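Single-structure report; data block below.
Values in this document were obtained by computation on a predicted structure and should not be read as measured data. Order of listing sets the numbers, starting from 1, for every ligand and every atom in it.
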Amino acid sequence: MKNILLIHTGGTFGMMPAEPTKILAPADIQHLILKYLPETENIARIDFEVAFNIDSANIQIHHWRTLAGMILQNYKKYDGFVIIHGTDSMVYTASALSFMLQGLAKPVILTGSQRPLAVIRSDARSNLVNSIELATYNIPEVSIYFDKQLFRGNRAIKISSTSYEAFASPNFPVLAEVGLDITLAKNILPARKKLLYSDRFDENILCIRFFPGLLPAHLEAIAGSPVKGVVIEALGLGNLSIYEKSLIPWIENMSRAGKIIIITSQSPYGTVNFNLYECGQLITAAGGLSAGDMTSAASIIKLMFLLGQFPDNPQRVKTYYQKSLAGELTESDAGS
Ligand code: ASP
């Protein structure tokens with residue numbers, strides 16, 4: 001029987017309807033799991049740890065350090081890791097862990113639920129039981145399990161806050177489907193012998209959503225600020241205004257000041273492609289970089305991570321940004 005470490009971090013999963021207000025509050029989760037999911041003991045030998053117990057909107061970089069540190073410390077002792085996490089920021093934590101723990105040889109699966117475990121029609125039970133079973137398989141990457149599907153964590157997006165089908169992976173096939181049988185995909189990352197660990201991030205970045213009418217004047221102050229990089233959520237293939245209220249001079253200014261500009265897309269499906277329109281060519285000439293087919297969350301976390309690795313070397317940040325570090329990017333789409 002395999003050994004699995006189950007780590008709790010909070011979220012809806014372990015909340016109880018607290019009388020009389022009915023506000024969901026963190027409950028005694030280990031007690032709940034044993035009470036509601038006795039069958040988990042037939043799947044694997046499970047140890048349980050509480051890393052922290054918070055609504056995932058409150059996750060900070062130090063929480064990722066705690067989590068990655070727990071996995072690192074227990075790496076030899078366990079065959080797989082399952083993390084119970086709030087759904088709201090799950091894709092950010094999954095992206096962060098995928099960069100912090102590169103070259104995994106064991107599964108790290110995040111899961112959660114739309115309804116608390118102790119509530120009728122909860123999805124918590126099937127999500128956790130299936131995650132624990134999947135953690136006994138050879139899936140050596142950071143993934144998210146939800147509603148019968150296992151996604152690469154840094155490829156996933158949260159698509160619904162009301163449906164059980166809360167996540168999707170628009171630009172990458174699912175890693176596993178859970179039905180009568182468990183079907184594993186062929187595109188799972190290969191296990192590596194050497195785990196590369198880093199917990200350095202630089203949070204001096206911004207993410208800005210482009211919209212028609214955005215005044216470049218409002219962005220000017222960023223060039224003289226401590227901000228080291230900006231992810232711009234642009235339109236379609238990576239377009240933004242280049243005629244009236246053109247953002248190109250601002251991108252040039254930022255690049256000249258040694259700051260990184262990343263262009264991602266508001267369209268979750270597809271990739272940024274700078275080769276098709278005049279805008280893409282102007283952005284490239286101004287020093288902007290394509291996020292290819294990465295999700296917005298992965299684009300943001302990757303920028304924080306790489307700025308943490310190469311604090312004084314924007315050129316290296318740019319070079320590594322266009323490489324796939326943990327399967328987050330289709331490399332043929334990078335730099336396009
Ligand atoms: N607000 C909750 C959280 O992300 C939602 C959830 O768990 O699904 O912590």
Please report whether ligand 1 has a polar contact with Thr87, defined as an N or O pair separated by less than 3.5 Å (distance criterion only). yes
One finds that the ligand 1 atoms under 4.0 Å from a non-hydrogen atom of Gly11 are 7 (O), 9 (O)
Output field: ring centroids Phe310/Tyr320 closer than 6.0 Å: yes
CG (Leu325) and CE (Met100) are apart, to the nearest 0.5 Å, by 13.5 Å
What I want to check is whether the side chains of Thr183 and Glu177 have a donor and an acceptor closer together than 3.5 Å. no
Output yes when the distance from some N or O of ligand 1 to some N or O of Asp88 is under 3.5 Å, and no in every other case. yes
Ligand-residue contact atoms, ligand 1 with Ser113, heavy atoms, under 4.0 Å: 8 (O)
Can you report which non-hydrogen protein atom sits closest to atom 3 (C) of ligand 1, along with the distance? Ser56 OG, 3.3 Å
Check: Phe201 ring centroid to Trp64 ring centroid under 6.0 Å: yes
Ignoring angles and geometry beyond distance, decide whether Lys158 reaches within less than 3.5 Å of ligand 1 through its nitrogen or oxygen atoms. no
Of all protein heavy atoms, the one nearest atom 6 (C) of ligand 1 is Thr12 OG1, 3.0 Å
Would you say the side chains of Thr87 and Lys158 form a donor-acceptor pair under 3.5 Å? yes
Return the minimal non-hydrogen interatomic distance between Ile260 and Pro314, and the atom names on each side. CD1-O, 3.6 Å
